[in-house]
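Input: a single structure, listed below in structure tokens.
In this chain, residues are counted from 1 in sequence order.
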Amino acid sequence: MEEGGESQRIELKTAMWIYLLALVIGVGVGTLGSAFHYCLDKVIDVYAVISTSFSGSAFLTILTAAIIGAAMVATAAVLVRKYAPETAGSGIQEVEGVMGELMTLRWRSVLPVKFIGGVLSMGAGLVLGREGPTIHLGGCVGQIVGEKANSDKHTLNTFLAAGATAGLSVAFSAPLGAILFMIEEVRPRFQYSFVALHAVIIASITANLVNDQVFGTLPQLPVQLQASLPTFQPPGNLLLTLSLNLLLGALIGVLGAGFNSVMLKCLRISDGLNSRLMLVIAASVGAVVGALMIIAPEYVGGGEALVKEIFAESPLLGFLLALLVVRAGLTFLSYSMGVPGGIFAPMLALGALIGTSFGYVVHELAPQAELQAATFAVAAMGALFAATVRAPLTGIVLVAEMTDSFELLPAMIVTCMTASIVAQSLGSRPIYDMLLERTLERRGLKEELEENK
């Protein structure tokens with residue numbers, strides 16, 4: 001009995017130590033993620049300064065913005081290629097690869113390059129999101145704590161998971177969605193246990209609390225509807241509404257499968273180009289998005305402001321479709337540049353555009369149903385995430401937290417589940433699995449790739 005009691009005390013002491021370090025990780029990621037967000041906002045404000053400084057000349061304003069955009073994207077590309085090639089793109093697949101012991105995390109180079117490169121690339125106006133880089137930065141914090149604590153492999157896996165989860169929690173102010181993402185999406189590489197799960201929860205909540213001290217406690221994308229309909233209205237015909245959600249989910253399932261396929265094809269093309277040509281392309285794309293930040297800012301950037309605008313106003317259907325086509329193209333192009341930036345936020349913006357367009361069409365065909373386009377927009381945001389990432393529960397909760405629209409859960413569940421099932425039935429694979437395999441292939445880790453499959 002004494003030996004058993006002593007063993008339990010040791011286990012409890014170990015668990016409490018892990019929880020304490022998870023708390024430290026949460027504070028660290030919350031601070032780092034908030035700083036990343038703050039610096040990114042300040043860099044984006046450069047375009048407002050340019051507009052004010054050259055207000056008398058539209059040509060000089062656009063030219064200066066294009067030059068600044070080109071310089072920022074080119075600098076980010078050089079930093080990535082010279083110091084930390086693994087910081088290109090989202091970073092989620094990198095963290096998953098480290099957690100699966102397929103690669104190592106060189107945090108000393110990754111952390112500064114991801115931070116500075118991400119601020120420059122997204123600050124320039126590329127259609128990328130900060131969630132992937134923030135998850136990667138969170139993984140770095142977890143790795144640092146694990147190394148300093150001389151952790152074993154299982155505990156290090158826990159700290160990596162805690163850091164990555166805290167990163168997503170900070171990026172979207174969605175602690176529960178972040179926890180579900182770790183359980184649902186990263187499940188194959190997350191060494192699940194009672195202690196590990198609770199460490200992840202502690203880090204996620206702590207990071208979100210730190211972030212709230214900087215940016216407030218409002219949801220990331222609060223749904224502000226038109227004054228005539230300030231709140232979501234319950235559907236008059238539940239059967240019709242759910243049928244339309246099924247149809248929307250099926251449509252997005254097809255589009256999500258296409259998104260994954262096109263994204264990988266674009267990355268394969270960029271892989272075949274030499275570094276000098278890629279640098280020229282990166283600078284050119286930076287110049288284009290820099291100019292668009294002045295001319296038509298709704299076409300570029302992560303998309304958070306665009307989603308808020310869609311909810312609050314009534315854009316014409318033609319304008320929505322133009323935004324959808326242009327932003328989709330720029331998403332593929334931006335991610336192919338090989339600079340730090342994620343695809344979460346751009347996908348959510350595309351989902352909002354698809355859902356709102358769908359809602360407008362429904363209103364034209366069945367005006368008597370009195371269905372709000374915003375309800376389809378919210379459901380479509382989660383559905384596109386579910387179709388591409390293949391994590392429907394995460395998509396549902398993440399979007400509900402971000403938009404504070406929990407009353408739409410039934411519609412979101414139907415739409416997200418349908419989209420995920422349709423994408424799976426079409427043979428599409430989760431985007432981050434595909435990105436991880438591409439990463440391993442590029443590094444010549446064929447044996448690890450086969451084990452991963």
Tell me if a side-chain donor or acceptor on [X] pairs with a main-chain N or O of [Y] at a distance below 3.5 Å.
X      : Y      : value
Glu401 : Gly177 : yes
Ser405 : Leu408 : no
Asp45  : Ala48  : no
Ser121 : Gly117 : yes
Thr87  : Ala84  : yes

Minimum heavy-atom distance [X]-[Y], with the two atoms named:
X      : Y      : answer
Thr388 : Met347 : OG1-SD, 3.0 Å
Ala65  : Ile50  : CA-CD1, 4.0 Å
Val110 : Cys140 : CG1-SG, 3.6 Å

Checklist outcome for this item: Interatomic distance, CD@Glu185 vs CD1@Ile92, rounded to 0.5 Å, equals 7.5 Å
Item to check | Point-to-point distance, once rounded to the nearest 0.5 Å, from CE of Met434 to CG of Leu267 | outcome: 9.5 Å
Checklist outcome for this item: In Asp41, Thr31, Val119, Ile116, the residue satisfying side chain to side chain contact (heavy atoms under 4.5 Å, CB included) with Phe36 is Val119
I'd like to know if [X] pairs up with [Y] as an ion pair, taking the criterion as any Lys NZ or Arg NE/NH1/NH2 lying under 4.0 Å from an Asp or Glu carboxylate oxygen.
X      : Y      : answer
Glu437 : Arg429 : yes
Arg268 : Glu441 : yes
Glu304 : Arg130 : yes
Glu94  : Arg438 : no

Item to check | Distance-only donor-acceptor check, side chains Thr415 and Asn245, under 3.5 Å | outcome: yes
Checklist entry - Is the distance between the ring centroids of Phe376 and Tyr360 under 6.0 Å? => result no
Checklist entry - Who are the ring-ring contact (aromatic ring centres under 6.0 Å, His included) partners of Phe332, not counting sequence neighbours? => result Phe259
Item to check | Residues Asn211, Ser34; criterion side chain to side chain donor-acceptor pair (under 3.5 Å); working and verdict | outcome: CA-CA 6 Å; Asn211 184 68; Ser34 298; 3.2 Å; yes
